[in-house]
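The structure under discussion appears below in the form of structure tokens.
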Protein chains: 2
Amino acid sequence: MNAGDAGEDRAGSGSGLRERKKRETRTALSWAAIRLTVERGLANVRTEDIAAEAGVSPRTFNNYFSGKAEAVAARQIERGRQIAEELRARPESEPLWEAVTNAVLERFALGLPTDAGKAPDEHWTAGVRVMLGEPALQGEFFKAAGVTKAELTRAVAERTGTDAGREMYPELVAAAVTGAVTVVSERYVAADPPVPFEELLRDAFGQLAAGLPEPRRKKGRGSSA
Amino acid sequence: MNAGDAGEDRAGSGSGLRERKKRETRTALSWAAIRLTVERGLANVRTEDIAAEAGVSPRTFNNYFSGKAEAVAARQIERGRQIAEELRARPESEPLWEAVTNAVLERFALGLPTDAGKAPDEHWTAGVRVMLGEPALQGEFFKAAGVTKAELTRAVAERTGTDAGREMYPELVAAAVTGAVTVVSERYVAADPPVPFEELLRDAFGQLAAGLPEPRRKKGRGSSA
DNA sequence: TGGAATTTTGCGGGGTACGAATATTTGCGT
DNA sequence: ACGCAAATATTCGTACCCCGCAAAATTCCA
């Protein structure tokens with residue numbers, strides 16, 4: 001195998017020194033890529049810098065990631081994977097929407113400034129907003145969402161006893177959920193008078209579960225949430 | 001302005017010679033990129049080849065597109081734009097879901113082999129399937145879907161008289177729709193006993209509009225759609 | 001402990017993206 | 001019709017990126 005290859009590289013698989021080091025290097029590289037990008041902007045970060053930051057040779061960087069963008073997005077993929085994992089772990093008794101909501105809240109909304117007492121660090125969050133807007137990264141972010149969708153599809157299929165190969169249902173749910181989470185996250189980050197993540201999420205999922213009913217507007221006013 | 005820049009470059013804007021030539025060059029480049037990629041695979045296409053195919057200098061290619069991937073995806077973006085446009089053009093009387101369904105069918109399902117009498121050309125369609133799977137392109141494809149989502153968001157907001165800045169509703173609808181269309185397209189392309197596009201689409205939208213109800217499975221079998 | 005499996009690394013080559021300067025084409029006023 | 005100004009295309013040069021290859025270093029396990 002060639003280091004970062006797609007083999008059974010899953011986060012918690014092997015326990016040998018080898019596997020652990022590989023995972024550590026991978027995380028270190030991804031983390032370095034993120035930090036440098038937030039601080040200087042993607043264009044001013046060379047792969048060489050990232051490698052140096054993680055303490056490996058430049059060539060090794062490309063053994064793990066095919067490019068800067070992929071390295072930055074690796075974190076999001078990991079988070080998505082954890083959400084799917086959490087969904088599988090929810091008790092069978094929970095209705096699907098409740099389980100999904102809880103899974104997202106459990107694994108996604110952790111460590112967010114409004115919810116935790118972290119130091120928001122204006123400089124950092126501003127940089128993050130810039131990073132999320134980088135055109136060269138958005139493709140990879142969407143791609144990450146695609147991976148998450150795939151994992152959620154499997155989890156939903158399992159949970160509802162549906163055959164994802166035959167029915168569209170699990171994939172439709174997964175697509176709607178990832179889409180909604182994306183929307184919610186953007187709103188959450190951009191909200192100027194900050195809004196609790198959970199509130200936005202429940203609102204969004206509520207609309208989805210209700211079939212996205214068209215808000216009948218009376219005369220001139222839009223209805224308020 | 002520098003050729004392919006983001007200015008008011010919209011498909012049907014200016015009518016001068018300048019604007020037209022620009023649009024023609026752009027389409028020629030995108031089309032060339034697609035054709036060569038389908039025939040040889042993305043890795044065996046140099047930007048130089050694409051430029052040559054379109055009859056411009058290599059440097060000019062990069063004045064229009066930031067890379068091969070973007071050039072290939074340009075077509076999809078255009079299609080998405082047309083769907084949003086069609087949605088705006090649907091009569092106000094149509095309920096939202098119906099209007100969306102019609103808009104998609106009108107502008108998306110055109111020229112599909114099963115529906116039209118085109119020559120399927122096995123060689124070509126096989127190449128297309130390969131292209132759609134190219135990892136280096138998927139990011140850009142997702143990005144294209146993102147652009148479409150944005151356009152749909154505006155169209156839905158207009159149509160339902162909702163303020164997309166305040167309410168999540170239009171964006172949620174747009175996200176769910178683009179997600180569903182993606183799922184449907186994949187199924188349609190992969191279906192071995194071919195299935196009509198319209199059938200899949202109505203099924204998917206039906207489930208969305210119904211709130212994606214969890215199919216209560218009885219004992220051992222999944223329910224059929 | 002010793003060899004097998006795996007990973008890291010340096011090197012080299014083919015390409016890509018883009019800034020700057022220059023040439024060319026188009027739009028438009030007179 | 002002419003010629004100037006603006007927009008666009010081209011040429012050239014540079015920095016960087018991605019990856020194949022094969023040698024060196026590390027880890028595994030019997």
Side-chain angles (χ1 to χ4, degrees), chain A residues 1-9 13-29 32-33 36-37 40-73 134-137 139-140, chain B residues 1-9 13-29 32-33 36-37 40-73 134-137 139-140:
Chain A
M1 204 195 305
N2 215 345
D5 281 357
E8 28 107 27
D9 198 7
S13 56
S15 62
L17 213 182
R18 239 177 198 154
E19 299 293 325
R20 183 177 51 218
K21 264 197 155 183
K22 219 162 60 169
R23 260 178 292 130
E24 283 175 354
T25 304
R26 193 181 173 82
T27 329
L29 283 170
L36 291 175
T37 301
R40 313 180 196 164
L42 187 69
N44 304 322
V45 180
R46 281 161 312 169
T47 58
E48 190 186 340
D49 303 331
I50 302 172
E53 183 88 1
V56 295
S57 87
R59 182 62 181 84
T60 297
F61 171 81
N62 279 339
N63 285 342
Y64 283 86
F65 299 106
S66 75
K68 291 185 278 186
E70 193 177 311
V72 171
E134 298 253 20
L137 289 179
E140 217 63 27
Chain B
M1 205 196 301
N2 214 348
D5 282 358
E8 31 107 22
D9 197 6
S13 56
S15 63
L17 214 182
R18 229 163 193 159
E19 300 292 327
R20 185 178 52 217
K21 266 198 155 185
K22 218 162 58 169
R23 259 178 294 130
E24 283 174 354
T25 304
R26 192 181 173 81
T27 357
L29 282 170
L36 291 175
T37 301
R40 311 182 198 166
L42 187 69
N44 304 322
V45 179
R46 282 162 311 172
T47 59
E48 190 186 341
D49 303 330
I50 302 173
E53 183 88 1
V56 296
S57 87
R59 181 60 177 86
T60 296
F61 171 80
N62 279 333
N63 284 343
Y64 282 87
F65 299 106
S66 75
K68 289 185 280 186
E70 191 177 313
V72 171
E134 298 254 20
L137 289 179
E140 217 64 26

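In what follows, chains are A, B, ... by sequence order, proteins preceding strands, each numbered from 1. The structure presented is a predicted model; accordingly, all values stated were derived computationally and were not measured.
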Who passes side chain to side chain donor-acceptor pair (under 3.5 Å) against [X], sequence neighbours left out?
| X | result |
| --- | --- |
| A:Ser66 | A:Glu70 |
| B:Thr25 | none |
| B:Ser57 | B:Thr60 |

At less than 4.0 Å, is any side-chain N or O atom of [X] found next to OP1 or OP2 of [N]? Yes or no.
| X | N | value |
| --- | --- | --- |
| B:Asn62 | C:dA17 | yes |
| A:Tyr64 | C:dT7 | no |
| B:Lys22 | D:dA7 | no |
| A:Lys21 | D:dT27 | yes |

How close do B:Thr37 and B:Glu134 get, heavy atom to heavy atom, and via which atoms?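 Heavy-atom minimum between the residues: CG2-OE2, 4.5 Å.
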To the side chain of A:Thr47, which of D:dT8, D:dC18, C:dT7 is closest?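 Of D:dT8, D:dC18, C:dT7, D:dC18 is nearest to the side chain of A:Thr47.
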Rounded to the Å, how far apart are [X] [atom1] and [N] [atom2]?
| X | N | atom1 | atom2 | result |
| --- | --- | --- | --- | --- |
| A:Arg26 | C:dT8 | CZ | P | 12 Å |
| B:Arg20 | C:dT25 | CZ | C1' | 14 Å |
| B:Phe61 | D:dA9 | CZ | P | 14 Å |
| A:Asn44 | D:dC16 | CG | P | 11 Å |
| B:Glu48 | C:dA17 | CD | C1' | 14 Å |
| B:Arg18 | C:dT25 | CZ | P | 12 Å |

Salt bridge (charged side-chain N to carboxylate O under 4.0 Å, His left out) involving B:Arg40 - partner list, sequence neighbours excluded: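 Result, salt bridge (charged side-chain N to carboxylate O under 4.0 Å, His left out) vs B:Arg40: B:Asp49.
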Would you tabulate the pairs of protein nitrogen or oxygen atoms and nucleotide nitrogen or oxygen atoms of nucleotides 9-11 of chain C closer than 3.5 angstrom?
from	atom 1	to	atom 2	distance (Å)
C:dT9	OP2	A:Ser57	N	2.9
C:dT9	OP2	A:Ser57	OG	3.3
C:dT9	OP2	A:Thr60	OG1	2.3
C:dT9	O5'	A:Ser57	OG	3.4
C:dG10	O6	A:Arg59	NE	3.2

For A:Ala28, give me all partners under side-chain contact (heavy atoms from CB on, under 4.5 Å), at least two apart in sequence or on another chain.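 For A:Ala28 the side-chain contact (heavy atoms from CB on, under 4.5 Å) partners, ignoring immediate neighbours, are A:Ala54.
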